[in-house]
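Small disclaimer: the values here were computed from a predicted structure and weren't measured. Numbering of ligands and ligand atoms starts at 1, following listing order.
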Amino acid sequence: MDLILFGPPGAGKGTQAKRLVAAHGIPQISTGDLMRAERKSGSELGKRFDEYMSQGKLVPDAMVIELMEKRLTQDDAKDGAIFDGFPRTVAQAEALDSLLAKLGRKIDKVVVIDVAREEIVERVTGRRLCEETGREYHIRYNPPPPGVKVTQRGDDTEETAHKRYDTFEQNTLPVLPHYEAKGLVAKVNGVGALDEVTTRIEAVLPS
Ligand code: AP5
């Protein structure tokens, strides 16, 4: 199965993708995670990603598509993938269709995780990460245990959260008609307990 989790920054795409990985035996492919890993390596490419990411702007399509092509052809993605944060433009959606067609595949479902802007800003600004374990926390909903050292993503400030949401509305929402025309889109309410949201997503996936 090839599944797109679609939604604004902080909608819970990454959280829910991780929950679906084990159940469906396919990997999560997050372009944001791939870019952060490149940035952490200190490479020139990582520095170029950071110029856009730190401002809440989209990384140019050609760079993202190249990154995706490399990732999608790795062995663990041979039976499908959960795309998280990709595609974010119509050009990326068209490129993904071509990449999958070359592999004899196509997108099976696009699940829109629906969360309003005010909730998004609250979620994103409260997010914290433990670099050692990779676990994510939220200062209000899921605070880190005492003694656990956490950091905040550089783009999780209130100002950048709003910019990222604006970018989502301007550049990424226009991707939806591409998939609506194929009858592939299902919208789920992204507010509620993590288990509830997972159940809503599972309910709309192809059997
Ligand atoms: P990316 O890393 O993709 O970030 P994003 O889309 O902004 O998404 P997030 O990771 O912030 O949120 P999420 O929806 O995964 O939510 P999460 O599960 O973490 O992109 C970052 C940047 O990279 C972009 O701005 C851009 O510059 C660049 N980029 C990446 N992909 C690109 C592309 N394709 N093209 C061009 N540029 C690209 O949850 C968020 C928080 O909410 C967490 O604290 C979580 O614990 C909490 N939470 C989750 N679910 C719930 C719930 N049900 N109730 C309460 N809290 C919840």
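Taking a cutoff of 4.0 Å between a charged side-chain nitrogen and a carboxylate oxygen, D195 and R19 qualify as a salt bridge. Comment: K40 engages E131 in a salt bridge, judged by a side-chain N to carboxylate O separation of less than 4.0 angstrom. A salt bridge between R117 and D166 is present, with a side-chain N of the basic residue lying under 4.0 Å from a carboxylate O of the acidic one. Of the charged side-chain nitrogens involved, none lies within less than 4.0 Å of a carboxylate oxygen, so that R48 and E44 do not count as a salt-bridged pair. Electrostatic pairing of K102 and D97 does not count as a salt bridge here, judged by no charged N lying under 4.0 Å from a carboxylate O. Ion pairing between K106 and D108 holds under the 4.0 Å rule for side-chain N and carboxylate O.
Between P9 and ligand 1, no pair of N/O atoms sits closer than 3.5 Å. For ligand 1, the polar-atom distance check finds an N/O of R127 within less than 3.5 Å of one of the ligand's N/O atoms. Considering both main-chain and side-chain atoms, D155 never comes within under 3.5 Å of ligand 1 through any nitrogen or oxygen pair. Residue S30 places no N or O, backbone or side chain, under 3.5 Å from any N or O of ligand 1. Checked against a 3.5 angstrom limit, the closest N/O atoms of L194 and ligand 1 fall outside it.
The nearest non-hydrogen atom to atom 36 (C) of ligand 1, considering only V59, T160, L34, comes from V59. When the heavy-atom distances from atom 3 (O) of ligand 1 to K163, E136, E119, R88 are ranked, the shortest goes to R88. When the heavy-atom distances from atom 35 (N) of ligand 1 to Q92, Q16, Q55, E51 are ranked, the shortest goes to Q92. Comparing heavy-atom distances from atom 38 (C) of ligand 1 across K13, M35, R19 singles out M35 as nearest. Distances from atom 21 (C) of ligand 1 to the heavy atoms of R153, R128, R164 show the closest one on R153.
Set against the non-hydrogen atoms of V64, the atoms of ligand 1 under 4.0 Å away are 33 (C), 34 (N), 35 (N), 36 (C). Close contacts of ligand 1 with R36, meaning ligand atoms under 4.0 Å from a residue heavy atom, involve 2 (O), 21 (C). Annotation for ligand 1: atoms under 4.0 Å from non-hydrogen atoms of F86 are 34 (N). Against a heavy-atom cut-off of under 4.0 Å, G85 is close to the following atoms of ligand 1: 31 (N), 32 (C), 33 (C), 34 (N). The contact set between ligand 1 and T15, taken as ligand atoms under 4.0 Å from a residue heavy atom, comprises 17 (P), 18 (O), 39 (O), 45 (C), 49 (C). Taking every non-hydrogen atom of G192 and a distance limit under 4.0 Å, the qualifying atoms of ligand 1 come out as 52 (C), 53 (N), 54 (N). Interface of M53 with ligand 1, defined as ligand atoms under 4.0 Å from a residue heavy atom, comprises 22 (C), 23 (O), 27 (O), 28 (C). Counting the atoms of ligand 1 from 1 in the order shown, those under 4.0 Å from a heavy atom of G14 are 13 (P), 15 (O), 18 (O).
Screening residues 115-159 for ring-ring contact (aromatic ring centres under 6.0 Å, His included) gives H138-Y141 as the qualifying pairs, with residues at least two apart or on separate chains. Pairs engaging residues 21-71 under the ring-ring contact (aromatic ring centres under 6.0 Å, His included) rule: none recorded [sequence neighbours left out].
By the 4.5 Å heavy-atom criterion applied to side chains, T172 and T89 are not counted as neighbours. With a 4.5 Å cut-off on side-chain heavy atoms, L45 and K47 do not count as touching. V112 places a side-chain heavy atom less than 4.5 Å from the side chain of V185.
Here the protein heavy atom with the shortest distance to atom 31 (N) of ligand 1 is T31 OG1, 2.7 Å. Scanning all protein heavy atoms for the shortest distance to atom 47 (C) of ligand 1 gives R123 CD, 4.1 Å. In this structure, atom 16 (O) of ligand 1 lies nearest to the protein heavy atom G12 N, 3.1 Å.
Here CG of D84 is found 6.5 Å from CG of D33. Values are rounded to the nearest 0.5 Å. Going from atom CZ of F168 over to atom CZ of F6 covers 5.0 Å, rounded to the nearest 0.5 Å. We find the CD-OG1 distance between Q28 and T15 to be 9.0 Å, quoted to the nearest 0.5 Å.
Listed for the R105 side chain is no donor-acceptor partner under 3.5 Å among the backbone atoms of D2.
Contacts between P8 and ligand 1, counted as non-hydrogen atom pairs separated by less than 4.0 Å, involve the backbone only. With a 4.0 Å cut-off on non-hydrogen atoms, K57 touches ligand 1 through its backbone and not its side chain.
Using a 4.0 Å cutoff on heavy atoms, G10 counts as a contact of ligand 1. In this structure, A11 counts as a contact residue of ligand 1, since one of its heavy atoms falls inside 4.0 Å of the ligand. Contact between G190 and ligand 1 is present, with at least one heavy atom of the residue lying under 4.0 Å from the ligand.
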